[in-house]
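A quick write-up on the structure given underneath.
Along the sequence shown, residues are numbered consecutively beginning with 1. Atoms within each ligand, like the ligands themselves, are counted from 1 in listed order. What you see is a predicted model, and the numbers here were worked out from it, not measured in a lab.
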Amino acid sequence: METTRTELVGTPQVVSQIDPTRPNWMEIDLGALDHNFHSLRKILGPDVRIHPSVKSAAYGLGVSEIARRLVSLGAETISCGSYEDARAVRGAGLADIGVVVFGSTLPAGIPSYLALDVMPTVHNFEIAEAVSSYASRPSRVYIKVDAGWGRLGFPIWRAEQAILRVARMQNIVIEGIYTHLPFSNAEGACWAQERTTLFDELIERLRKKGLSVPVTQARSSSGVLYGIKDKCNAVAPGSILYGKPSLADGVVDFSDFKSILVSIRSHLIHVSPDAADKTPGVFSRFAHQVTGATGVIPFGRKDGNRAPRPGQTACMIVKGVKVPVLSISSEQAVLDLSSVSDPKAGDEVIILGRSETEEITLADLARWQDTSMNDVLLMMRGRMPLLITK
Ligand SMILES: *Cc1c(COP(=O)(O)O)cnc(C)c1O
């Protein structure tokens, strides 16, 4: 009963050259991933297992190459957000690596998980019973405890009895027990520390009742960076591995981590030398008055480009000059090129990244759109090819 879907949604194509029919691309540096993995190892010491999260198509950056690199760096288990991510890991040729899926499914989806040999999250009895009845042999699962975040999981107050009950079910092998306590500031850290301690106590009570499991896990990026204390033997970081801060500015030192997203680029497909005869209405949602040349890139809403919030001006870099974005439609964006000398169709446009003197960061895009960095990347997820710098 494997799913009949063949296409992987949100999986970017890896290319070595740009496609002239739609010359947009994203460049990632896997050397930065190595660097971040080692920085993380330094913080954690040698004994804590790192089970990196590649959820949401590796936070929009594409699962295949990243998962392969993480395994070569020593990750023993890959944490996925969905069945889709898990298929991408298996599709990357990683047939033997442990794969856990943090997101869940209807019970009827469990046979697909079993066919792919990936570990589902058991967060209620319905899923546990589905695994137990569909599995034809002992199958590994992770159990999720809701320690206060209020999403998936057995509520921590009732988790002890629930987990002992699941452990007795036929064909279920509990590989791991985990929880998730993300936070972004010092107040959140207090809350997370208190909840993590409750989770440690639960694991200890289960151990005293004779249930010990190979993997216990409570910390993601914010917990690791902030130094939340736990007695678990694994962590599941995502954001920091990709060099994306998971905490508010200034809460922790982030200087040991580099962004693996180096640039997002496009090319001008059209330049209009002067704006004299342009209809002002085209630009009515934007504050900018056009006095000179304008240019068009094929990077519109369908590519994940989003208009700035009122009062904000989004910018891109053309020939070393930061220029305002005038409008964004479904297929295209129009740039004000009046301050660029001799712009021509074919010129490169930096949507994110640096020129010699200018820089546009993911944080800039998020600020202009009044959203999170994660959101900006998820909007673009899989919508343009990836160039990979090794
Ligand atoms: C998203 C997620 C993580 C990773 O979170 P980051 O903040 O990206 O490190 C870990 N565990 C669970 C259960 C998650 O959902």
Side-chain angles (χ1 to χ4, degrees), residues 10 33 36-37 39-41 43-44 48-61 63 66-67 70 75-86 89 98-105 118-124 127 141-154 156 159 175-185 188-189 191-192 195-196 199 215-228 230 232-248 251-252 254 256-257 259-261 362 366 372-378 381:
L33 186 63
N36 294 341
F37 195 91
S39 297
L40 193 61
R41 182 49 82 201
I43 294 175
L44 293 168
V48 177
R49 303 186 202 187
I50 302 176
H51 294 176
S53 163
V54 298
K55 72 178 170 195
S56 312
Y59 299 62
L61 302 174
V63 168
I66 288 175
L70 288 167
E76 302 153 56
T77 297
I78 299 290
S79 307
C80 292
S82 62
Y83 176 68
E84 207 70 40
D85 293 333
V89 173
V99 172
V100 57
V101 183
F102 287 154
S104 194
T105 168
V118 299
M119 295 178 277
T121 285
V122 168
H123 52 90
N124 61 26
I127 294 292
V141 302
Y142 269 48
I143 296 206
K144 185 161 193 187
V145 173
D146 179 2
W149 182 239
R151 202 167 51 191
L152 292 179
F154 292 104
I156 191 156
E175 170 72 10
I177 303 178
Y178 76 103
T179 190
H180 186 44
L181 295 160
F183 59 91
S184 60
N185 56 26
W191 166 85
R195 299 299 163 134
T196 302
F199 181 75
V215 175
T216 51
Q217 180 178 294
R219 284 186 293 168
S220 55
S221 295
S222 37
V224 170
L225 276 178
Y226 200 90
I228 295 292
D230 68 7
C232 298
N233 65 4
V235 296
S239 313
I240 44 172
L241 283 171
Y242 309 113
K244 217 157 41 68
S246 61
L247 289 144
V251 177
V252 292
F254 199 70
D256 281 344
F257 296 89
S259 176
I260 79 163
L261 174 61
L362 187 58
S372 68
M373 292 189 254
N374 216 12
D375 249 23
V376 172
L377 284 181
L378 291 184
R381 180 180 72 106

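Listed by number with element, the atoms of ligand 1 under 4.0 Å from a non-hydrogen atom of K55 are 1 (C), 2 (C), 3 (C), 14 (C), 15 (O). Taking a cut-off of under 4.0 Å to the non-hydrogen atoms of F102, the atoms of ligand 1 that pass are 10 (C), 11 (N), 12 (C), 13 (C), 14 (C). Each of the atoms 1 (C), 4 (C), 5 (O), 6 (P), 8 (O) of ligand 1 lies under 4.0 Å from some heavy atom of Y59. Numbered from 1 in the order shown, with element, the atoms of ligand 1 that lie under 4.0 Å from a heavy atom of P237 read 9 (O). Within ligand 1, counting atoms from 1 as listed, the ones closer than 4.0 Å to a heavy atom of R151 are 15 (O).
If you check the side chains of S104 and H123, you find a donor sitting under 3.5 Å from an acceptor.
Any N or O atom pair closer than 3.5 Å counts here, and S239 shares at least one such pair with ligand 1. Residue S221 places at least one N or O, backbone or side chain, under 3.5 Å from an N or O of ligand 1. For a threshold of 3.5 Å applied to N or O pairs, the pair formed by G238 and ligand 1 contains at least one separation below that value. For ligand 1, the polar-atom distance check against K144 finds no nitrogen or oxygen pair separated by under 3.5 Å. Checked against a 3.5 angstrom limit, the closest N/O atoms of Y178 and ligand 1 fall outside it.
Taking the side chain as every heavy atom from C-beta outward, T105 and T121 never approach each other to under 4.5 Å. Between I177 and V145, the closest side-chain pair of non-hydrogen atoms falls below 4.5 Å. Contact annotation: the side chain of L362 approaches that of V376 to within less than 4.5 Å [non-hydrogen atoms, C-beta and beyond]. Looking only at side-chain heavy atoms (C-beta outward), L181 and W191 come within less than 4.5 Å of each other. Residues L377 and K244 meet the side-chain proximity criterion, which asks for heavy atoms closer than 4.5 Å.
R219 has a carboxylate O that lies under 4.0 Å from a charged side-chain N of D230, or vice versa, which qualifies the two as a salt bridge.
Residues T196 and A218 share a closest heavy-atom pair of CG2-CB, 4.1 Å.
Looking only at heavy atoms of the protein, atom 10 (C) of ligand 1 is closest to A236 O, 3.1 Å. Looking from atom 5 (O) of ligand 1 to the surrounding protein, the closest heavy atom is S220 CB, 3.4 Å.
Neither the backbone nor the side chain of R219 has any atom closer than 4.0 Å to an atom of ligand 1 (non-hydrogen atoms only).
In this structure, Y178 has its ring center closer than 6.0 angstrom to the ring center of F102.
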